[in-house]
Structures are given as structure tokens and as C-alpha cells.
Asker: 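One structure, as C-alpha cells, below. Some questions next.
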Amino acid sequence: MSSKIQNKKMWGGRFDSNMAQSMVDLSFSLHFDAELIEEDIQGSIAHCKGLVESKILSPSELNTIQNALKAILKDYQSGVSLWNSSDEDIHMAVERVLTERIGDLGKKIHTGRSRNDQVATDFKLYMRNRSYEILKALNALKSTLLDLAKNHRSKLMPGYTHVQQAQPIYFSHYLLAFFFVLDRDTHRFFNFLDLHHELPLGSGAMAGSAFPYQRDLVAKELGFKAPSHNSIDAISHRDMALEFSSSIAIVGSTLSRYAEDFVNWSTTEFGFLTLHDAFSSGSSMMPQKKNPDSMELIRGKAGRLLGNYTSLFTAVKGAPLSYSRDLQEDKEPVFDSVKTILVLLNVMNEALSSATWNFETMHQKMLPALLATDLADLLVESGLPFRDAHHIVGHLVGEAAKQRVEFTELPDSVWEEAGIQNAKAIKNTLSFEFSVEKRNIQGGTGSKSIEQQIKKAESILEIEARRV
Ligand code: ARG
């Protein structure tokens, strides 16, 4: 153990020997938690403002510390190499560099603070800040979907259940479905921001700091609404990260379902969609291939986001109160989820706004069988109970399948034998346009409903723009 030793740690007072290299490999987190540097420095400055009130620091000492911390951040961002192999995590690394730069004064900043409340504060701040980035990306995608819906409001396409043609819909109706689910995804981040608004700093290691300061001022300084009510709660719990990463995983799952549809729509068999070359890729062997890789990756990454959530959940469950080192495992999955979802949202947005939608193909692929429900509905309007109407139309569709024709192509006599009185008139009435316009019930695919949906979506974006 003696040959592979590390320098004395900041916490090393009671230790006779240094850490084994294998333990260093297990324990050190700087390579990933450097992601928190901005929040760590913001947090330290706010804490030091509190320490002025506790008379641990003078205003001029605060000034020196603040300037030095800001300089460290600036140096880090411009690529200056700051860290060395003894730096365990970002929190200790910043404190070491600070102390090297301003001397003993740097050693005062950790007064009344533990890495436990420091890390809980930094991490919560990080998630709050990134929530706004995710919200912006969600709203950008929603606004692309709304524009597409507005520009193509009356284009028809087959609607699907079980990947079988089900009923005629407007293309805009499909896009607005995507808009509204993304809006609930959006609200999960608003809920997160509303719920996780308490400042952990001042909680110390677990029992609260012995150097009182007005925590509400420190909270305000960092954009939190209030100080936490209980120091054990504040440093122990990671429900904030569970909620945040599950909200991201849900967005991933939403995107994956649309990505799956768009992969299908890009096939020759569907032909509804041509992705721009910029969001496709070729095959290393088959020269003719243009693959919808953007959508396949969006679909695939949903698994990774769920994996991140699951690994976090597994690390946290059963961890004893208050802090145990298990909790250091909370960060990597969250960082990865944030980076991933921002890329996914941007790619989905750009891929959809640059795509070519092949409306003619959508229309050509619409099968008359899409109107089977409408025929049953017409029979109901003429007085038949729905179950009988369903049976009659089912019989016609079955008969048509046997004869390898569309049910609308069966002779009027066959319809009449099946129990439909005025076959000719009904055939003339049935059309895709007729079908969609029968569905102007609120939320339906009819054009009046689409207009209501568009208005609703516009007002949602307007209201949300004020918060994002
Ligand atoms: N890097 C650690 C983490 O992320 C810091 C907290 C260490 N605290 C402790 N009591 N050893 O959780």
C-alpha cells in the first residue's frame, strides 16, 4: 500500500496512511462531478455571503473569495488545467485551488458546511438550471409541431391502431397528439421546479450548521424559494433526482414512440416521410441505402434514459439515513440523461422541420376499409342498433376480403342483401372527408376540432414562453 499513496487529504487529519490506489479508483468522482463546477461556485459564494453575517468572514474577505472563485470558473471554462490527482471531487478541487490562490482565507469557506449539504445544493441547482434548458428544447419542438400542423391542417392520412389502418384522420391531428403529450412532459419539469425549491445549505453534515445565518437570503441568492425545513431531509433524500430523471425518461419514451412511427413512415412500404439527408445515414455496404438513423437512435436512447433512472433508483433505495457514500452514485445517470435528452429533443425538432411529408402517398395509401366505422354509424343513424350495424358491415368487409375487392366495391345488391336499404345513396355519401368532418366533437379529428386544438396549443405556448 505504501508505494501507491496519495497526498494527504483535506479530511486527512485523523488518518495515518493514505488511500490505496484501488480505493482512489473507487472513490474519486472529479472526472464526472466537474460538471457541477458552476453550481458549486455559485453555492460557495452564496454560503460565504452567509458567513459574513455569522462574522466568520469580513466583507472584504468575502470580496477576495468571490473574485477568486469567479476567476477559477473563468479559467476552467477557458481550458486552464486546474486539477491534480489528489482532487477527490469538484468540491475539494475548487477549495484546494482557491486556497492555493488566496492562502489561508480559502480554508475558511467550508465553515458550517459539509460536502453533504454542499453537494445536495449543487446537484439540486444543477437540475433546476437544466430543467430550464430542457423546457426550452421541449417548447422548440412543440412550436415546430404546431407550425407543421397549421401549415398542413387539411391533409388526410390513414390513422392506425395495431399498425393496421383504422380511421381517416387529418395529419395535423396526429401532430397535435404529439404536441399535447409533450406538453404534459413539459409540466413534469414545471412540477419539479415547484416542488424542489428548498435550499439544503445550512444543513451541515446532517444536524444543521452551528454558524447561523439567514438561510432565506442565501436561498434567494441561489434562486431557491426557501430554506429546507429539516437538515436530515435536506441532505439525505434524492427524490428530486428520481423525479427529474424519471421525467426525462418519460420524455424519452414519448419521443421513442413517434420515432418508431417515423422509421416506419420512411420505408418504401409506407412512403409518408422522407427525412432530410442530414438526419439519415448510408450503409457501408449497400450503396442504395438511406437509413432513418436519427429516428432509430432516438428510439434506442429511450432505453438508456430508463436505464439511468433505474440505476439511480436502485442505488438510492434502502440507503440508510442520512448520508452514505452510495449517494455519490446519484450524479452520473442524471448527467447522462440531461445530455442525452437535450440532443434527442434537438434532433427530433430539426429532423421534423427539415423533413418532406409525402401527402400524396399518404392519401393514395388510404384504404376504403377506413370507412367501415362510418358505414356502421350511418346505419345507426337510420335506426339500427350499433351492434347489428357493426355485424352487417363486418359481414360486408369479410365478403369483400374473400372476393379480394374493397367493401365499397361490392355490388349494391350484396349490400342490400346484407340489410342496407339505400346502398347507392350511402356509397355516395361515404368519403374520407365525410368521415373526418363527422368528428368535430371536441378532441376529434374534424377540422373545427383541429382549429380548437390549434388555438389551445397557441395559448399554451404563449403562457409557457413567459415561464421558460
Ligand atoms: N463526492 C461526494 C458526493 O458526491 C461528496 C460527499 C462526500 N461526503 C462525505 N461525507 N464523504 O456525494
Side-chain angles (χ1 to χ4, degrees), residues 6-15 17-20 22-44 46-47 72 76 82-99 107 109-130 196 199-210 222 228 231-242 244-245 308 311-338:
Q6 295 291 317
N7 296 329
K8 272 274 181 195
K9 297 274 163 285
M10 285 185 195
W11 41 254
R14 65 151 291 168
F15 287 81
S17 93
N18 287 305
M19 226 184 231
S22 56
M23 176 58 191
V24 169
D25 294 343
L26 174 66
S27 159
F28 278 37
S29 58
L30 179 65
H31 56 286
F32 60 82
D33 64 22
E35 185 79 23
L36 294 175
I37 186 166
E38 240 177 291
E39 286 78 12
D40 191 70
I41 284 179
Q42 278 176 359
S44 285
H47 176 67
I72 290 172
Y76 176 80
L82 294 170
W83 318 137
N84 67 35
S85 59
S86 72
D87 293 324
E88 191 172 305
D89 59 21
I90 186 63
H91 321 290
M92 304 210 111
V94 168
E95 193 182 323
R96 177 189 59 75
V97 175
L98 178 73
T99 304
K107 296 183 192 163
I109 72 162
H110 210 54
T111 314
R113 185 175 72 172
S114 155
R115 270 185 300 162
N116 298 352
D117 59 346
Q118 183 178 8
V119 87
T121 302
D122 294 0
F123 194 33
K124 209 191 255 194
L125 263 183
Y126 166 91
M127 289 186 278
R128 291 179 62 82
N129 292 339
R130 295 310 181 280
H196 299 283
L199 169 79
L201 271 180
S203 301
M206 56 91 67
S209 167
L222 292 173
S228 56
S231 59
I232 299 176
D233 172 34
I235 63 116
S236 303
H237 293 134
R238 294 295 183 268
D239 55 307
M240 54 179 177
L242 286 176
F244 183 68
S245 61
N308 286 338
S311 86
L312 174 69
F313 210 134
T314 315
V316 166
K317 81 160 202 44
L321 264 59
S322 55
Y323 179 87
S324 300
R325 200 64 184 279
D326 315 38
L327 295 186
Q328 180 168 292
E329 285 298 300
D330 62 357
K331 288 168 212 67
E332 278 174 294
V334 171
F335 295 160
D336 184 75
S337 286
V338 167

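Given the structure is predicted, the values throughout are model-derived calculations rather than measurements. Along the sequence shown, residues carry numbers from 1. Just follow the structure's listing: the first ligand is 1, and inside any ligand the first atom is 1. Quick note: numbers below take in every heavy atom, side chains included, and nothing from hydrogens, waters or symmetry partners.
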Asker: Of all residues at least two apart in sequence or in a different chain, which pass the ring-ring contact (aromatic ring centres under 6.0 Å, His included) check with His196?
Answerer: Phe192
Asker: Between Glu88 and Arg325, does at least one N-O distance fall below 4.0 Å, as a salt bridge requires?
Answerer: yes
Asker: Kindly determine whether Phe123 and Val334 satisfy side-chain contact (heavy atoms from CB on, under 4.5 Å), including the steps that lead there.
Answerer: CA-CA 10 Å; Phe123 194 33; Val334 171; 3.7 Å; yes
Asker: Short N or O contacts of ligand 1 with protein, under 3.5 Å, listed by atom name?
Answerer:
from: ligand 1; atom 1: 1 (N); to: Asp89; atom 2: OD2; distance (Å): 2.8
from: ligand 1; atom 1: 1 (N); to: Gln328; atom 2: OE1; distance (Å): 2.8
from: ligand 1; atom 1: 4 (O); to: Lys331; atom 2: NZ; distance (Å): 2.6
from: ligand 1; atom 1: 8 (N); to: Asn116; atom 2: OD1; distance (Å): 3.1
from: ligand 1; atom 1: 10 (N); to: Asn116; atom 2: OD1; distance (Å): 3.2
from: ligand 1; atom 1: 12 (O); to: Tyr323; atom 2: OH; distance (Å): 2.3

Asker: Report the residues that fulfil side-chain contact (heavy atoms from CB on, under 4.5 Å) with Glu329, sequence neighbours left out, ordered by chain and then residue number.
Answerer: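 For Glu329, the residues satisfying side-chain contact (heavy atoms from CB on, under 4.5 Å) (neighbours in sequence not counted) are Ala315.
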Asker: Would you mind listing every salt bridge (charged side-chain N to carboxylate O under 4.0 Å, His left out) that reaches into residues 26-35, with sequence neighbours excluded?
Answerer: Glu35-Lys339
Asker: Indicate the atoms forming the closest heavy-atom contact of Leu312 with Ser245, along with that distance.
Answerer: CD2-OG, 3.4 Å
